[in-house]
Amino acid sequence: MRKIDGLLEEYGISHQNPTNKTIHWFCVPAIFFSIVGLIYSIPPGPLASMDFLLSSFTNWATIVLLLVLYYYITLSVPLALGMFLFAAVCLATANLLTLFLPIPLWLFSLILFLVAWIFQFYGHKIEGKKPSFFKDVQFLLIGPAWLMHFIYKRLGIGY
């Protein structure tokens with residue numbers, strides 16, 4: 001069995017209840033985006049000197065997402081491609097929100113993060129099982145891949 005199959009199966013064990021699953025479809029992407037938004041909000045500092053290399057993509061969120069995507073590549077190249085697209089949407093959305101939000105992106109992201117986690121914990125209370133990341137922190141990255149694998153199944157794409 002491939003490592004990704006085992007991780008998705010183990011993650012799925014604590015996500016059987018239909019209500020909990022529905023909550024995850026909204027909250028996992030919201031949490032992923034909120035973390036991107038929080039990291040995107042960190043001033044570039046030393047990255048600003050690298051602007052000649054990375055142009056307008058020079059921000060901490062891009063650097064962190066490259067590392068996250070490397071992790072996904074080690075698990076599954078097809079899933080990593082889907083996560084790359086989702087990460088790109090998150091970066092573009094963070095950029096747009098910095099232009100149009102009446103509040104700072106970090107504040108919006110923090111509120112979204114807290115609200116989404118409240119719902120996540122509520123979903124797990126309904127489920128009657130603790131979130132998987134209590135057992136292993138890597139499950140924080142498996143949650144988005146778990147959702148992506150359902151999208152791939154629906155589209156008939158192997159992961």
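Residues: numbered from 1 along the sequence shown. Worth knowing before you read on, the calculation uses all heavy atoms, side chains too, and leaves out hydrogens, waters and symmetry mates.
At a threshold of 4.5 Å between non-hydrogen side-chain atoms, the residues D5 and R2 count as touching. With contacts defined as side-chain heavy-atom distances shorter than 4.5 Å, the pair F133/Q138 does not qualify. Looking at heavy atoms from C-beta onward, L110 lies out of side-chain contact with S34 at the 4.5 angstrom threshold. Contact check for K129 versus H15: no side-chain heavy atoms found under the 4.5 Å cut-off. The closest side-chain heavy-atom distance from K3 to L7 is below 4.5 Å. Taking the side chain as every heavy atom from C-beta outward, L97 and F33 approach each other to under 4.5 Å.
No donor-acceptor pair closer than 3.5 Å links the side chain of Y70 to the backbone N or O of L65.
Using cut-offs of 30° and 60° for the angle between ring planes, the H149 and Y159 rings count as perpendicular.
Cluster annotation: V68 is connected to I42 through the hydrophobic network of ILVMFWY side chains, with a link wherever side-chain heavy atoms come within less than 4.5 Å.
If you check the side chains of N17 and E127, you find no donor sitting under 3.5 Å from an acceptor. Using modelled atom types, one finds no donor on one side chain facing an acceptor on the other under 3.5 Å when comparing N20 with Y122.
Atom CZ of F139 is surrounded by more than 12 heavy atoms from other residues, nucleotides or ligands within 6.0 Å. Other residues, nucleotides and ligands place no more than 12 heavy atoms under 6.0 Å from the CZ atom of F26.
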